[in-house]
Amino acid sequence: MQRDYESSLKELESIIKDLESKDISLEDSIKKYERGIELYRYLDNVLKEYEGKVKTIIKENKDVLEGD
């Protein structure tokens, strides 16, 4: 399944809202919690990947960024 960061974040936010609701069964809560953990891991990995890319860009362009 192809995902993108923005839609995954929206889904996670929706799950959090649902879990905060008192009108959800225990079974649904567990399913949503599991899906939330899956989304969290995906989002965390994406952020780490982009952080690495930004660090590489900064390192490769240090002279430009420092004004040399």
Side-chain angles (χ1 to χ4, degrees):
M1 173 172 71
Q2 180 108 18
R3 297 182 264 194
D4 66 62
Y5 185 86
E6 289 78 12
S7 64
S8 295
L9 183 58
K10 285 180 184 179
E11 183 181 353
L12 181 58
E13 289 170 342
S14 175
I15 287 171
I16 292 168
K17 190 180 226 182
D18 290 345
L19 289 172
E20 290 175 340
S21 148
K22 295 185 181 182
D23 298 328
I24 188 169
S25 71
L26 180 57
E27 185 176 340
D28 285 341
S29 293
I30 297 297
K31 287 178 185 177
K32 287 183 181 284
Y33 184 78
E34 289 175 332
R35 177 67 178 148
I37 293 296
E38 178 183 312
L39 288 166
Y40 172 81
R41 286 184 176 151
Y42 166 75
L43 293 166
D44 187 53
N45 286 335
V46 170
L47 288 176
K48 286 178 181 174
E49 179 182 332
Y50 284 124
E51 180 182 25
K53 288 180 181 183
V54 168
K55 285 180 180 180
T56 299
I57 291 168
I58 290 170
K59 185 177 180 179
E60 290 174 350
N61 296 284
K62 191 174 184 177
D63 58 329
V64 174
L65 296 172
E66 291 178 350
D68 289 343

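Only a predicted model underlies this, so the values are computations on that prediction, with no experimental measurement involved.
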Heavy-atom closest pair (L19 atom, S29 atom, distance to 0.1 Å) is CD2-O, 3.6 Å
Residues that E11 engages under side-chain contact (heavy atoms from CB on, under 4.5 Å), provided they are two or more places apart
I15, R35, L39
Residues which pass side-chain hydrogen bond (donor to acceptor under 3.5 Å, both in side chains) with K10, listed by chain and number, not counting sequence neighbours
none
Tell me, do K62 and I58 make a side-chain contact under 4.5 Å, heavy atoms counted?
no
Partners meeting side-chain hydrogen bond (donor to acceptor under 3.5 Å, both in side chains) with S25 (sequence neighbours left out)
D28
Name all residues meeting the side-chain hydrogen bond (donor to acceptor under 3.5 Å, both in side chains) criterion together with S7; count only those two or more places apart in sequence or in a different chain, and write none if there are none.
D4
Below 3.5 Å, can you tabulate the donor-acceptor pairs from side chains in residues 46-57 to any protein atom, sequence neighbours excluded?
from	atom 1	to	atom 2	distance (Å)
K48	NZ	D44	OD2	3.1
E49	OE2	K53	NZ	3.4
T56	OG1	G52	O	3.0

In this structure, NZ of K31 is separated from CG of L26 (nearest 0.5 Å) by 11.0 Å
Residues which pass side-chain hydrogen bond (donor to acceptor under 3.5 Å, both in side chains) with E6, listed by chain and number, not counting sequence neighbours
none
Suppose the criterion is salt bridge (Lys or Arg N to Asp or Glu O under 4.0 Å): which pairs have a residue in residues 14-23, not counting sequence neighbours?
D18-K32
At what distance, to the nearest 0.5 angstrom, does OH of Y33 lie from CD1 of I16?
11.0 Å
Where do Y5 and Y42 come nearest, in terms of heavy atoms and distance?
N-OH, 3.9 Å
S8 and L43: which non-hydrogen atoms are nearest, and at how many Å?
CB-CD2, 3.8 Å
